[in-house]
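Worksheet for the structure shown next.
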Amino acid sequence: MADPKGFMTTPRQDWPRRPVEERVRDWDEVYVPGALLPIINKQADRCMDCGIPFCHDACPLGNLIPEWNDLVSRDDWRAAADRLHATNNFPEFTGRLCPAPCEAGCVLAINQPAVTIKNVEAAIADRAWELGFAPPRPPDRLSGRTVAVIGSGPTGLAAAQQLTRAGHTVAVFEKDDRLGGLMRYGIPEFKMEKHHLERRIAQMRAEGTKFRTSTAVGRDIGAAELRARYDAVVIATGATAWRDLDVPGRELAGIHQAMEYLPLANRVCEGDLDVSPMSAAGKHVVIVGGGDTGADCLGTAVREGAASVTQLDIYAQPGAERDEDAEPWPTYPKIYRLSAAHEEAGALRTAPAADADARLFAASTLRFTGDADGQVRSLHLVEVDAARRPVSGTGRTLPADLVLLALGFSGPDRADGLVDQLGLAMEPRGTIARDAGFATSAPGVFAAGDAARGQSLIVWAIAEGRAVAAAVDRHLTGSSRLPAPIGPYDRPMTV
């Protein structure tokens with residue numbers, strides 16, 4: 001530890017965001033460019049180099065956090081980049097998109113603000129690219145074995161990179177026209193600019209990974225054919241079967257799934273469209289769902305110029321501090337958090353009737369009503385108690401010209417026929433069943449990420465990709481030196 005007293009003398013300082021009035025007029029990342037590097041050494045100095053660093057347990061990747069904090073505090077960026085990439089293929093993704101369970105597990109967080117681990121990670125990743133410390137790492141020799149990876153989200157990309165570097169010939173199949181999965185079309189540009197993604201894909205191409213876009217396995221190419229052509233298949237399609245809302249009026253026009261809405265806004269940023277056909281411009285928008293996807297819709301609608309935006313969360317508003325009885329350290333607590341999108345909505349007063357920023361908490365949708373043309377115009381809601389029972393006399397009506405459903409996902413979408421063509425066994429909750437070695441019921445076919453685990457975080461997706469790569473390598477060669485940070489049945493720390 002570079003400064004034994006750093007955690008006592010240096011207060012926590014996060015990567016500053018650009019002024020709200022400025023950033024809502026563009027789609028650039030919300031952070032002040034260049035503002036992280038001047039502060040990050042001192043922030044890394046706050047790490048106590050604990051004897052038992054619980055940040056390791058909180059992170060499924062097993063990131064060597066105290067080690068690279070110490071190296072950053074000493075300005076040793078090359079060594080820091082090496083230690084970071086030893087456990088994480090894509091730290092610039094997690095440094096921007098992960099909710100940082102590692103910070104919840106930081107020992108300093110017992111009675112002080114945690115170390116800014118996520119910011120340090122992003123700084124190392126960006127500095128590594130700037131200084132040339134992230135070159136392609138093609139294998140020294142090829143194994144002669146072939147692997148098909150279905151899906152190019154964080155799980156698929158991590159698995160493909162690990163297997164390519166182990167010497168196998170890997171082809172990634174992606175149903176969309178561009179690579180990246182939900183990182184491409186589900187994550188707004190203001191959260192992660194896509195040049196970060198393009199840079200990693202270019203690195204993977206240089207290493208030898210092959211990519212096939214606009215190819216839906218099960219529809220454009222038969223699953224059996226793919227299985228016959230490759231020695232192993234990895235299913236990393238994600239959990240894209242969205243949950244719906246079965247209430248009166250659901251059939252009205254103007255009610256859409258979040259993942260119908262967000263990709264169109266991303267396509268505008270890609271230059272495919274001038275204006276999104278679902279644009280929120282001038283509309284009263286209500287987002288049903290209090291999670292990160294709902295917040296992404298919120299920030300997008302604000303940038304599109306919505307007349308108002310309100311986000312409904314069925315849970316009660318959490319407190320500002322951890323409930324030590326229900327969610328003791330080092331578990332990840334449910335506390336009141338202010339994302340960049342909520343900060344923007346609060347500053348711009350997009351939802352004057354909301355409890356806080358743009359959110360209405362403990363709110364349950366009862367029904368939608370529309371006009372004579374069948375267009376939604378209102379959302380009717382009621383306040384609920386902790387058991388989600390309606391509270392008498394709390395009914396309200398919100399104007400709604402555009403309703404976005406952000407209720408999460410139940411498992412892989414089976415419409416393309418992949419699951420049925422392979423005859424895969426499924427779990428009762430709709431995910432792909434697998435054994436302790438990530439293998440499905442079909443010989444030579446493995447499943448990883450949200451398609452098998454269920455909806456989760458990007459850091460778990462990358463960990464799954466690395467772990468399934470080790471399992472596939474072992475299947476192909478009899479042994480593996482690839483790291484396997486998690487098993488298929490591992491779960492986040494809970495009480």
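Computed over heavy atoms, backbone and side chain alike; hydrogens, waters and symmetry mates excluded. Numbering starts at 1 and runs along the sequence shown.
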Between side-chain atoms of residues 55-64 and protein atoms elsewhere (two or more places apart, or another chain), which donor-acceptor pairs fall under 3.5 Å?
from, atom 1, to, atom 2, distance (Å)
His56, NE2, Asn63, O, 3.4
Asn63, OD1, Thr87, OG1, 2.5

Item to check | Donor-acceptor pair, side chain of Gln311 and main chain of Ala358, under 3.5 angstrom | outcome: no
Checklist entry - Any salt bridge (Lys or Arg N to Asp or Glu O under 4.0 Å) pairs touching residues 299-308, not counting sequence neighbours? => result Arg303-Glu344
Item to check | Pair Thr240-Met259, side-chain contact (heavy atoms from CB on, under 4.5 Å): steps then yes or no | outcome: CA-CA 9 Å; Thr240 54; Met259 289 311 301; over 6 Å; no
Checklist outcome for this item: The complete set of salt bridge (Lys or Arg N to Asp or Glu O under 4.0 Å) pairs with one or both residues in residues 246-255, sequence neighbours excluded, reads Asp244-Arg250
Side chains of residues 273-281: which donor-acceptor pairs under 3.5 Å do they make with residues two or more places apart or in other chains?
from, atom 1, to, atom 2, distance (Å)
Ser276, OG, Met278, N, 3.1
Ser279, OG, Ala281, N, 3.2

Checklist entry - What residues form a side chain to side chain contact (heavy atoms under 4.5 Å, CB included) with Pro11, not counting sequence neighbours? => result none
Checklist outcome for this item: Contacts of Glu21 meeting side chain to side chain contact (heavy atoms under 4.5 Å, CB included) (sequence neighbours excluded), chain-then-number -> Pro19, Arg25
Item to check | Considering all heavy atoms, the nearest Leu366-Val382 contact | outcome: CD2-CG1, 3.7 Å
Checklist entry - With a cut-off of under 6.0 Å to the ring centre and 45° to the axis, is Arg466 in cation-pi contact with Phe90? => result no
Item to check | Sub-6.0 Å ring centroid separation between Trp15 and Tyr31 | outcome: yes
Next on the checklist: Tell me whether the NZ or CZ atom of Arg267 lies within the 45° cone about the ring axis of Tyr185 and under 6.0 Å from its centre.
Outcome noted: yes
